[in-house]
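Before any comments, here is the structure.
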Amino acid sequence: MSRILIIGGHGKIALLTAPLLAARGDEVDSVIRNPDHAADVRAAGANPIVADIESASVDELAEIIAGHDAVVWSAGAGGGNPERTYAVDRDAAIRSIDAAAKAGVSRYVIVSYFGASTDHGVPADNSFFAYAEAKAAADEYLRASSLDATILGPSGLTLDEPTGLIAVDDDESATVSRADVAAVMAAVLHEPATIGRTIRFNSGQTPIADAITA
């Protein structure tokens, strides 16, 4: 059994991941900002922790992270507001990385996206630019950290049923179900071979357990 902390615990992927971890015997704590979401988190098999990660300091985040075996960053501002996108998807994510190191929790998994890169190519006048910049910065900061990190880069997210099958060698982003992203997240947390890797994936034909260790 492991103690897993999911930051962004009321997101669609997080709510699908928590029951997979709980069913495996892990203890799951999920950080949420809105206390009204606590019942949804409990129903998914996780213990809600109410905290505003957008304003929480490194020390405050370290207190939340301490005692866990792994941290999952699945939070996001949801787009639309560039200032808040930078505040959550970049700045808060970076603080959480520092906090994990300070708390002595080395295992860290971040949910990014398929095309994330410092040379993402998104024009500055595109509404997606702030998100692309923020995710690239957080991913690069994590890569440069001392943490045992895995970066997940799912492609376009759908609400399709899970298949348990993905493709990790595609050059172009397509789609993948949120349920399969949740299954990938649950799988990599217990697979040391994924440490130090960026795993970009679409829906595919390879079982998740095989794909993430290929």
Side-chain angles (χ1 to χ4, degrees), residues 3-18 21 27-44 46-113 116 118 120 122 124 127-152 157 178 181-182 185 189:
R3 287 193 69 200
I4 311 294
L5 181 72
I6 301 177
I7 300 176
H10 194 255
K12 291 184 178 68
I13 292 172
L15 288 173
L16 292 169
T17 304
L21 296 172
E27 181 181 341
V28 185
D29 294 322
S30 288
V31 178
I32 55 174
R33 185 176 62 167
N34 187 344
D36 292 342
H37 292 159
D40 293 339
V41 168
R42 289 193 189 94
N47 171 55
I49 297 174
V50 178
D52 184 359
I53 58 168
E54 188 174 350
S55 61
S57 67
V58 170
D59 287 345
E60 289 167 337
L61 289 170
E63 286 186 17
I64 294 170
I65 292 170
H68 291 88
D69 298 300
V71 178
V72 174
W73 179 271
S74 189
N81 183 326
E83 182 178 346
R84 187 156 186 268
T85 295
Y86 286 122
V88 176
D89 292 271
R90 181 190 64 193
D91 301 341
I94 286 173
R95 288 197 302 275
S96 78
I97 293 166
D98 289 341
K102 183 167 188 171
V105 179
S106 61
R107 189 70 174 107
Y108 190 107
V109 178
I110 193 169
V111 181
S112 188
Y113 72 99
T118 52
H120 52 72
V122 179
S127 61
F128 192 71
F129 179 79
Y131 182 77
E133 286 282 288
K135 295 303 285 186
D139 291 355
E140 285 301 299
Y141 195 86
L142 181 57
R143 289 189 183 100
S145 77
S146 61
L147 300 182
D148 294 332
T150 304
I151 298 172
L152 298 183
L157 301 174
R178 286 177 174 83
V181 177
M185 188 188 298
L189 281 165

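This chain uses plain numbering: 1 for the first residue, then up along the sequence.
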Task: Side chains of Arg107 and Thr150 in contact at under 4.5 Å (non-hydrogen atoms) - done: yes
TODO: Report yes if some heavy atom in the side chain of Ser96 is under 4.5 Å from a heavy atom in the side chain of Ile7; otherwise report no.
DONE: yes
TODO: To the nearest 0.5 angstrom, please state how far the CD1 atom of Ile64 sits from the CG atom of Asp59.
DONE: 11.5 Å
- [ ] Quick one: closest heavy-atom pair of Ser74 and Ile6, and the distance?
- [x] CB-CG2, 4.3 Å
- [ ] Compare all side-chain heavy atoms of Leu157 with those of Ile13 and state whether any distance is below 4.5 angstrom.
- [x] yes
Task: Under the salt bridge (Lys or Arg N to Asp or Glu O under 4.0 Å) test, residues paired with Glu63 that sit two or more places apart - done: none
Task: Any side-chain heavy-atom pair of Ile97 and Trp73 under 4.5 Å - done: no
Task: Phe128 side, atom CZ; Thr85 side, atom OG1 - distance, nearest 0.5 Å - done: 10.0 Å
Task: Asp89 side, atom CG; Asp139 side, atom CG - distance, nearest 0.5 Å - done: 10.5 Å
Open item on the list: Which heavy atom of Ala100 sits nearest to which heavy atom of Leu147, and what is that distance?
Closed with: CB-CD1, 4.0 Å
Open item on the list: On a heavy-atom basis, which atom in Ile94 and which in Ala137 lie closest, and how many Å separate them?
Closed with: CD1-O, 4.4 Å
Task: Nearest-0.5 Å distance, CG of residue Leu21 to CG of residue Leu16 - done: 11.5 Å
Open item on the list: Side chains of Arg95 and Asp91, heavy atoms from C-beta outward: is any pair under 4.5 Å?
Closed with: yes
TODO: Give a yes or no answer on whether the side chain of Lys135 reaches the backbone of Val111 with a donor-acceptor pair at less than 3.5 Å.
DONE: yes
Task: By side-chain hydrogen bond (donor to acceptor under 3.5 Å, both in side chains) - contacts of Asp69 (at least two apart) - done: none
TODO: Check whether any side-chain heavy atom of Asn34 sits under 4.5 Å from a side-chain heavy atom of His10, and report yes or no.
DONE: no
- [ ] Fit a plane to each ring of Tyr113 and Tyr131, take the angle between them on a 0 to 90° scale, and name the class: parallel (under 30°), tilted (30 to 60°) or perpendicular (over 60°).
- [x] tilted
- [ ] Mind checking the CD1-CE spacing from Ile110 to Met185? Nearest 0.5 Å is all I need.
- [x] 10.5 Å
Task: Option among Asn47, Asp29, Val105 that satisfies the side-chain contact (heavy atoms from CB on, under 4.5 Å) test with Arg3 - done: Asp29
Open item on the list: Can you tell me which residue among Val88, Ile53, Val50, Asp52 is in a side-chain contact (heavy atoms from CB on, under 4.5 Å) with Arg33?
Closed with: Asp52
Task: Salt bridge flag under 4.0 Å for residues Glu54 and Arg84 - done: yes
Task: side-chain contact (heavy atoms from CB on, under 4.5 Å) partner of Ser30, the single match among Leu5, Leu15, Val41, Val72 - done: Val41
TODO: For the residue pair His68 and Glu27, confirm or rule out a side-chain donor-acceptor distance under 3.5 Å.
DONE: no
Open item on the list: If you compare all heavy atoms of Ala103 against all heavy atoms of Ala62, which two are closest, and at what distance to 0.1 Å?
Closed with: CB-O, 3.6 Å
